[in-house]
Amino acid sequence: MSPANSAPNPDPANSASPDSVRLWIRNPLAAFTANGLDAGGGLVIENGVIAEVLAAGQAPAEPCAETFDASAHVLLPGLINTHHHFYQTLTRAWAPVVNTPLFPWLKNLYPVWARLTPADLELATTVALSELLLSGCTTAADHHYLFPDGLEQGIDVQVEVVRKLGMRAMLTRGSMTLGEDDGGLPPQQTVQSAAVILADSERLIRNYHERGDGAVIQIGLAPCSPFSVTQGIMRDSAAMAQEHDVRLHTHLAETMDEEAFCLDMFGLRTVDYLESVGWLGDRTWLAHGVHFNDAEIARLGAAGTAVAHCPTSNMRLASGIGRMAELEDAGSPVGLGVDGSASNDASNLILEARQALYLQRLRYGAEAITPERALGWATKGSARALGRTDIGELAPGRQADLALFRLDDLRFSGSHDPLSALLLCGADRADRVMVAGNWRVIDGTLPDCDLPELISRHTAAARKMMAG
Ligand SMILES: [Zn+2]
């Protein structure tokens with residue numbers, strides 16, 4: 001504890017601050033402000049919001065009841081994950097699919113996933129969100145499209161876990177309607193009728209979707225992928241999203257197999273297909289977006305359609321290298337996603353930013369893709385992909401969602417530029433994470449979580465799932 005944190009200020013180190021107390025996060029070692037704002041003096045947090053951004057040497061306008069000495073920390077806006085399948089933490093590193101590309105990977109996993117129970121999903125969601133939180137993530141999107149008998153209330157289960165952990169989430173009501181019998185990829189028992197999907201979607205929006213600054217839970221509509229849904233559910237979902245003003249999410253242009261499927265099934269390339277079902281607009285964010293040609297990039301950019309870049313998954317399944325810089329330059333918001341844990345298999349967002357930096361450098365060269373650009377995708381870009389303007393930046397009026405990393409691990413020893421060191425040296429765990437003004441990670445741990453107990457229960461559930 002440094003002198004700056006000692007009396008007379010109350011020690012905020014071991015408790016969540018009541019959000020009405022003014023807290024000065026003082027003199028960070030470095031701070032990431034996408035807009036070039038000098039934040040050398042730190043931030044003042046009040047009522048769960050960033051009240052002031054202080055330049056180096058500047059003190060708060062009014063006294064603060066609490067001070068947190070951040071002189072050993074790199075300060076980032078809370079990272080935002082735009083694509084995941086939390087349930088897949090139960091099927092990580094499963095031998096039969098370790099060395100397969102997307103389609104056989106899915107065909108092997110669908111029958112296993114069809115056994116998912118509410119208790120499994122609760123554990124899997126807890127594990128995925130805990131992992132994300134420890135990596136500096138404060139807002140996470142999930143794409144859940146499995147609703148076997150007994151799991152009709154899957155999203156409700158996830159809402160409870162998000163609230164318990166004190167994060168923010170964009171929970172998407174996924175769907176599959178095109179089974180094997182009709183030329184789709186998933187087994188028939190995993191698909192649902194459009195009527196059931198739409199009724200549940202409407203119920204979830206009504207019950208849980210929050211609007212405006214500071215929203216904790218948001219609901220999106222997310223038919224799974226061109227090879228697992230009908231065009232009808234795509235159109236109906238788009239209409240419902242417009243009616244209720246919620247966002248649309250789906251997988252698109254992930255692999256060449258998918259492109260071949262679209263040409264074969266619909267006679268359309270992926271972006272033509274997207275447009276044909278009313279999805280080419282700024283309400284939509286796409287997972288992956290790996291295989292677009294020049295004209296498609298221009299159309300997506302002009303429409304403001306966002307893309308969730310999932311570099312590790314794209315490498316793991318050898319799907320390809322997306323053209324993220326060109327998409328962004330064309331006008332598409334670009335965010336980052338760790339993707340589901342059966343194709344990553346880690347839910348670590350700061351490491352994903354490192355992967356994005358390096359994978360995109362392979363395409364565009366070292367000068368074009370900077371650590372700042374990759375961090376921008378993980379923060380402001382991801383916020384835009386989720387349709388949010390209240391998070392993802394260190395700026396006055398934004399939500400107090402923060403990730404603070406220390407650089408005193410062996411891996412950072414001898415490093416110079418703190419912000420670059422985060423990605424280049426491979427930071428993998430935040431020391432402090434704040435959501436809406438409350439500390440959710442303290443000293444690299446989750447204060448209210450018995451991790452060994454969680455791991456033990458989750459591992460048992462994963463073993464049981466494979467046993468059938
Ligand atoms: Zn996915």
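Ligands are counted one by one from 1 in listed order, and the atoms in each one are counted from 1 as well.
- Counted within 6.0 Å of CD on Q242, heavy atoms from surrounding residues, nucleotides or ligands total 12 or fewer; the atom is thus considered open.
- Other residues, nucleotides and ligands place no more than 12 heavy atoms under 6.0 Å from the CG atom of D149.
- Taking 2.8 Å as the criterion, H251 counts as a coordinating residue of the Zn ion (ligand 1), since one of its N, O or S atoms falls below it.
- Residue H143 does not count as close to the Zn ion (ligand 1), with no N, O or S atom under 2.8 Å.
- More than 12 heavy-atom neighbours from other residues, nucleotides or ligands sit within 6.0 angstrom of CD on Q188.
- Looking at R354, its side chain does come within 3.5 Å of a backbone N or O of L424 through a donor-acceptor pair.
- Residues D339 and H288 have side chains that bring a donor and an acceptor to within less than 3.5 angstrom of each other.
- The closest approach of D339 to the Zn ion (ligand 1), by N/O/S atoms, is made by OD1.
- At least one N/O/S atom of H85, whether from backbone or side chain, sits less than 2.8 Å from the Zn ion (ligand 1).
- Using a cut-off of 2.8 Å, one finds that E254 contributes no N/O/S atom close to the Zn ion (ligand 1).
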